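Written out below as structure tokens is the structure these notes cover.
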There are 2 protein chains.
Amino acid sequence: MSLARLPPSDSPLYEQVRARLIEGISAGEWKAGEAIPSEADLAGGFGVAIGTIRKAVDSLVAERALVRRQGKGTFVTAHEGSRLLFHFFHIAGRDGRRVLPEVRTIAFRRDRADRETAQALAIAPADKVIRIRNVLSLEGRPRIVDDIALAAELFPGLTEKTFVARNNTIYHLYQSRYGINVLRTDERLRAVLAEGELAALLEVPPGAPLLEIRRIALTFRDRPVELRVSRVETSSHHYHNTLGKELG
Amino acid sequence: MSLARLPPSDSPLYEQVRARLIEGISAGEWKAGEAIPSEADLAGGFGVAIGTIRKAVDSLVAERALVRRQGKGTFVTAHEGSRLLFHFFHIAGRDGRRVLPEVRTIAFRRDRADRETAQALAIAPADKVIRIRNVLSLEGRPRIVDDIALAAELFPGLTEKTFVARNNTIYHLYQSRYGINVLRTDERLRAVLAEGELAALLEVPPGAPLLEIRRIALTFRDRPVELRVSRVETSSHHYHNTLGKELG
DNA sequence: AAGTGGTCTAGACCACTAG
DNA sequence: TAGTGGTCTAGACCACTTC
């Protein structure tokens, strides 16, 4: 049970509380969108002062694993609608405004992991994976091709139908159906040239420059959830990144 | 004087304290690398509890404007050596390790701002600017061309000689000589094709894909300091970005 | 009115740094 | 030993939400 006295330990109490909260969330004790116990209850349950609880919760709020709502409670982050979308979707138009992509799934198949995919997903080579190809359109024109690889073990029963029928972002599907909450991503960006099928899908001539984004999505404890390789046609859009300030 | 009682206000005390600290830092009252007054002194000076001071300092520490050193004090962030470099320099090798670039300045001239530069630097069109072109080499090969634009007004007396003679990063120069502390950057990334002089400088054929990074560096109150357009040859390196976790 | 998070206080004790 | 930040407590009062 998550709400039990803390065992003796060298680490600060607020770190222990923090760890317990992460446990509870990733074990599904409190699901996405649900409230965790009130600060007073947590303090009582863990046998620590309320200020200590607040410090632990503060750090999880800063990481966006929890959100506070005054007068209501503290909730496990729910990736509903555009909130999550824009947290991890960084393509913006010339004027800096973000545009909502329209997603079309053009391939969905089961496969075995090659060496690179296995390493990225921290699974064994030849383990089962699900591969998906999406074409994303911005303002009506195809601008992004996403190749997604998932460890099949983490997503039992995922079919093309349920995948395509989702009425929300992919990360929302991971969360609502499998309780997997994407908290962090690690991205590597390069410039490449369009060729073959990619060029055709993006409606650009072979040899056009594309932005390639190789992203690994991570959940609690930095466990990899998804490998995604995106190619973006950036003549009318760009990838937007802000460094430095993450807190108010 | 920064250490004076706070005036009546609606905003929380810790935000007022935070604003005063930012004032003191940007006014140069406490310079980069120097300690601010102890938490007890700040609490006494402002007439608030020490916990309130801690909350204000916490937020500035999270933004990396201050650093705490237990037993010694709280210091204004000093961008020494590789700390800053790697905070804002995101190019890494295939294995994910960051490599130290070798910088060569090939152009340094004074100019008037065009419309785009003026907008980026929040100055008037035709205001004086300094333009610099650097070639950065990674592992002995030219990989990046940087075109830098600075508002001349912010950098009085900056000459090619002092610029080239710096023995540290450019942001360190801004800080040590002009008291300008770069805290945040806003970057837009696109893929472009190499051509003309750029291709020659990077030793790639015209038509090779390059990663273009358009960066605006900001100091306190989001005041723009520098506009930098980088073109990166990404066949052996990539741009590395981590999203989500910014706090421990 | 009751319950929640948000702010703020006043103090205790610990761990680290320096003279 | 004195001074600094780091942790933790116990409580007060406020603002917001819900019934």
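These figures come from a predicted structure and were not determined experimentally. Labels below follow one simple rule: chain letters A, B, ... track the order of the sequence lines, proteins then strands, and each chain is numbered from 1.
For R68(A), taking side-chain heavy atoms from C-beta onward, the closest of the listed nucleotides dC8(D), dG6(D), dG5(C) is dG5(C). Nearest nucleotide to the side chain of L13(A), out of dG5(C), dT7(C), dC8(D): dC8(D). For T52(A), whose side chain is taken as the heavy atoms from C-beta onward, the closest listed nucleotide among dG6(C), dT7(D), dC8(D) is dC8(D). Here dT7(D) is the nucleotide among dT7(D), dT9(C), dT7(C) with the atom lying nearest to any side-chain atom of K55(A).
Side chains of V182(A) and T219(A) form no contact here, defined as non-hydrogen atoms less than 4.5 Å apart.
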Where each pair must be Watson-Crick or G-U wobble with both distances under 3.5 Å, what dot-bracket representation of DNA chain C is obtained, with crossing pairs in [ ] and other-strand partners as |? ||||||||||||||||||.
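In this structure, Y178(B) and F155(B) have perpendicular ring planes: the angle between them is above 60°, well past the 30° mark.
Residue-level contact check: V57(A) touches neither bases nor backbone, having no heavy atom under 4.0 Å from any strand.
Although no hydrogens or angles enter the test, the distance criterion places a donor-acceptor pair under 3.5 Å between the side chain of R190(B) and the main chain of T234(A).
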side-chain contact (heavy atoms from CB on, under 4.5 Å) for T74(B) and V67(B)? Distances and angles first, verdict last. CA-CA 6 Å; T74(B) 301; V67(B) 289; over 6 Å; no
Are there any protein N/O atoms within less than 3.5 Å of an N/O atom in nucleotides 13-19 of chain D, and if so, which ones and at what distance?
{"from": "dT18(D)", "atom 1": "OP1", "to": "K72(A)", "atom 2": "NZ", "distance (Å)": "3.2"}

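Remark: E34(B) CD is packed, more than 12 non-hydrogen atoms of other residues, nucleotides or ligands lying under 6.0 Å away. Within a 6.0 Å sphere centred on CZ of R223(B), heavy atoms belonging to other residues, nucleotides or ligands number 12 at most.
In this structure, G73(B) and A49(A) both approach DNA chain D, and ranking their closest nucleotides by distance from the 5' end singles out G73(B).
Regarding E15(B), its CD atom lies at a distance of 8 Å from the P atom of dT7(C), rounded to whole Å.
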